[in-house]
Amino acid sequence: MTKAIVLGASFGGMEAIKNLLFMLPAQCTIPIVAVLHIGNNTIDTYLSMLNKNSHYNVKEAEEKESIKPGNFYFAPPNYHVLIEDNFTISLSTDEKVNFSRPSIDVLFETAAWSLHNELIGVLLTGSNNDGANGLKTIRELGGTTIVENPETAFAKTMPETAVKISHPHFILDLKEIAGKITELTNE
Amino acid sequence: MSLHKTEIQDIELNLLLQAIYMKYGYDFRNYSKAHLKRRILQRLKLSGLKTITEMQKLILWDTDFYKIFLKDLSINVTEMFRDPDFYAAFREKVIPDLRTYAHIKVWHAGCSTGEEVYSLAILLKEENLLEKTQIYATDFNKNALEVAKQGIYSKKEIDLYDQNYKHAGGKHKLSNYYTSKYGSVLFDKSLSKNIVFADHNLVTDGVFAEVNLVFCRNVLIYFDKKLQNKVLRLFSESLTKRGVLCLGTKESLRFTDFDNKYSVIDSKMKIYKKLPETK
């Protein structure tokens with residue numbers, strides 16, 4: 001059974017995450033933890049917009065917070081997000097990984113270590129290489145991996161690298177991903 | 001990698017932490033596990049070793065390797081006036097209170113390489129409070145402390161620091177406080193006159209002074225809940241009545257045993273005031 005979804009997106013990611021979230025059906029309440037590269041900007045306005053318009057409780061991930069169904073957690077700008085074995089969140093101000101903090105790899109790797117096959121990893125649009133190695137770890141530890149189709153993604157480098165490095169289970173257009181998640185979590 | 005392998009790695013990790021504690025007295029057993037594991041596996045990869053068990057042997061028998069390893073576990077990325085909004089809030093909401101004190105004692109716990117110690121000293125100087133302030137800046141990493149003591153930093157970062165300083169409400173120019181030489185900047189000795197840099201381990205050492213202000217930013221995030229509570233107890237025992245506690249902006253007393261022992265001075269910037277004991 002899937003316990004959580006981890007999600008990574010970079011360039012074009014605000015729009016992509018919004019579209020994906022709005023396509024998830026109301027019965028889908030599986031917790032989602034996301035890293036969105038956004039530089040040093042704040043994401044408060046974006047999060048409250050998502051929160052208002054979706055059935056998820058969308059919030060910034062807090063230090064030592066337990067991960068709960070119905071919640072959609074975003075990494076705070078400038079902090080890495082890590083998932084602990086006891087299904088809580090840790091933050092860190094460690095050096096950047098792939099020139100990024102938060103880094104998708106850090107989230108994906110630590111989530112894979114604690115959730116193994118009870119995890120779905122989803123990587124969306126972006127123009128750097130973050131997330132590919134993390135997705136590979138998720139796959140190696142038994143999780144399910146989905147990458148947005150590089151051909152139709154807003155920016156294709158990140159999904160393209162992830163396809164090459166991690167050999168994901170599914171390569172899907174953005175509009176197909178919500179359906180696949182619903183299917184996988186209903187199994 | 002199979003599932004089996006990560007489980008064995010977790011066992012190895014716990015044994016390694018136990019071994020380090022027994023041999024060297026450094027206790028990482030209640031650090032955030034995900035965080036430790038990332039750093040340890042990184043070092044494993046860099047040193048071409050296959051398992052944490054192989055690494056344990058080196059850590060126990062090869063002191064040089066251990067020193068590198070300890071550095072891996074203790075380096076905290078920091079910057080001057082990190083989170084400028086915090087310093088602005090501190091200036092506005094804590095300084096007026098500190099001004100009323102005859103003497104001010106500050107404990108900067110986990111000061112790492114000292115960038116934030118000098119930031120605080122500059123701020124206090126601009127508020128004419130540095131002369132009556134004693135700052136204890138502590139860390140368990142002796143290399144980091146040495147850097148902090150020197151007060152010499154790379155010029156590469158200085159533009160960012162300057163921006164932060166301005167954004168934090170700095171009253172002059174950051175360049176008033178340092179001299180440049182060969183790609184480095186040296187901070188003015190008048191800033192460190194009242195700073196004592198000392199070796200102190202938050203995990204294993206106790207209270208060493210009574211202070212009006214505890215400054216501990218982005219240190220607790222590396223600890224598990226149990227250790228966070230232990231360290232917060234240490235801070236509470238060190239603080240005077242109505243002493244002030246400053247944490248990192250993403251740290252919080254929520255989810256800890258000390259939530260109701262402090263009032264909030266600034267909820268977003270995580271500035272707290274110790275409440276009088278209710279016992």
Side-chain angles (χ1 to χ4, degrees), chain A residues 6 33 40 42-44 59-68 73-97 101-103 105-119 133-134 136-143 166, chain B residues 1-7 9-10 13-14 30-42 45 72-79 82-85 110 112 116 160 163-164 167 217-229 247-256 259 268 270:
Chain A
V6 285
V33 187
N40 280 328
T42 60
I43 48 172
D44 300 1
K59 65 190 296 290
E60 223 176 62
E62 289 179 72
E63 168 62 9
K64 297 292 173 279
E65 181 175 21
S66 293
I67 298 169
K68 297 212 173 92
Y73 307 89
F74 274 83
N78 233 341
Y79 285 80
H80 294 302
V81 165
L82 299 83
I83 308 228
E84 300 283 347
D85 284 349
N86 60 2
F87 214 35
T88 59
I89 283 168
S90 284
L91 302 177
S92 109
T93 57
D94 272 13
E95 57 273 29
K96 291 180 176 176
V97 175
R101 186 176 53 224
S103 146
D105 274 346
V106 171
L107 169 67
F108 281 11
E109 251 181 34
T110 54
W113 291 338
S114 50
L115 293 171
H116 307 122
N117 60 351
E118 298 171 318
L119 178 70
N133 286 316
K136 185 172 173 228
T137 308
I138 293 177
R139 178 157 189 153
E140 284 170 352
L141 294 181
S166 72
Chain B
M1 210 186 339
S2 64
L3 170 60
H4 195 50
K5 185 166 170 184
T6 62
E7 281 170 343
Q9 269 182 345
D10 291 339
L13 178 69
N14 287 327
N30 290 101
Y31 272 52
S32 140
K33 280 280 169 347
H35 168 73
L36 278 179
K37 196 166 164 178
R38 275 204 77 250
R39 287 197 177 176
I40 288 170
L41 292 185
Q42 234 168 4
K45 216 171 167 185
D72 289 342
L73 292 196
S74 59
I75 285 176
N76 287 325
V77 178
T78 171
E79 61 191 58
R82 186 193 168 94
D83 305 317
D85 291 338
S112 189
E116 288 206 68
L160 169 71
Q163 278 173 30
N164 285 354
H167 187 157
R217 308 188 64 233
N218 298 309
V219 175
L220 294 182
I221 48 175
Y222 293 102
F223 300 163
D224 72 9
K225 228 176 184 165
K226 192 175 150 204
L227 184 53
Q228 285 186 346
N229 280 318
L247 301 177
T249 51
K250 300 300 172 192
E251 292 168 329
S252 160
L253 292 179
R254 267 182 77 198
F255 314 120
T256 76
D259 201 12
K268 212 164 169 209
K270 305 295 154 53

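Just so it is clear, the structure is predicted and the values come from calculations on it, not from any experiment. Letters go in sequence order (proteins before strands), and every chain restarts at 1.
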Sort out for me which of A:Thr110, A:Leu91, A:Thr93, A:Asn78 touches chain B most, counting heavy-atom pairs under 4.5 Å.
A:Thr93
Between A:Val106, A:Ile83, A:Asp85, which has the largest tally of heavy atom pairs under 4.5 Å with chain B?
A:Val106
Indicate whether any N or O donor in one side chain lies under 3.5 Å from an N or O acceptor in the other, for [X] and [Y].
X: A:Glu84; Y: A:Ser90; value: yes
X: A:Asn86; Y: A:Thr88; value: yes
X: B:Gln42; Y: B:Asp72; value: no

Under 4.5 Å from a heavy atom of chain B, the part of A:Ser92 involved:
both
Select one option (side chain, backbone, both, neither) describing which atoms of A:Arg101 are under 4.5 Å from chain B's heavy atoms.
side chain
Measuring heavy-atom distances to chain A, does [X] have an atom under 4.5 Å in its side chain, in its backbone, in both, or in neither?
X: B:Leu220; answer: backbone
X: B:Thr249; answer: both
X: B:Ser252; answer: neither

Is any side-chain heavy atom of B:Ile40 closer than 4.5 Å to one of B:Leu73?
yes
Mind ranking B:His35, B:Lys33, B:Glu251 by heavy-atom pairs under 4.5 Å with chain A and telling me who comes out on top?
B:His35
Go through B:Arg38, B:Lys225, B:Arg82, B:Gln228 and name the one with the most non-hydrogen pairs under 4.5 angstrom from chain A.
B:Arg38
Once you round to the nearest 0.5 Å, how far does [atom1] of [X] lie from [atom2] of [Y]?
X: A:Trp113; Y: A:Thr137; atom1: CH2; atom2: OG1; result: 7.5 Å
X: B:Asp224; Y: B:Tyr31; atom1: CG; atom2: OH; result: 11.0 Å
X: B:Leu41; Y: B:Gln9; atom1: CG; atom2: CD; result: 5.0 Å

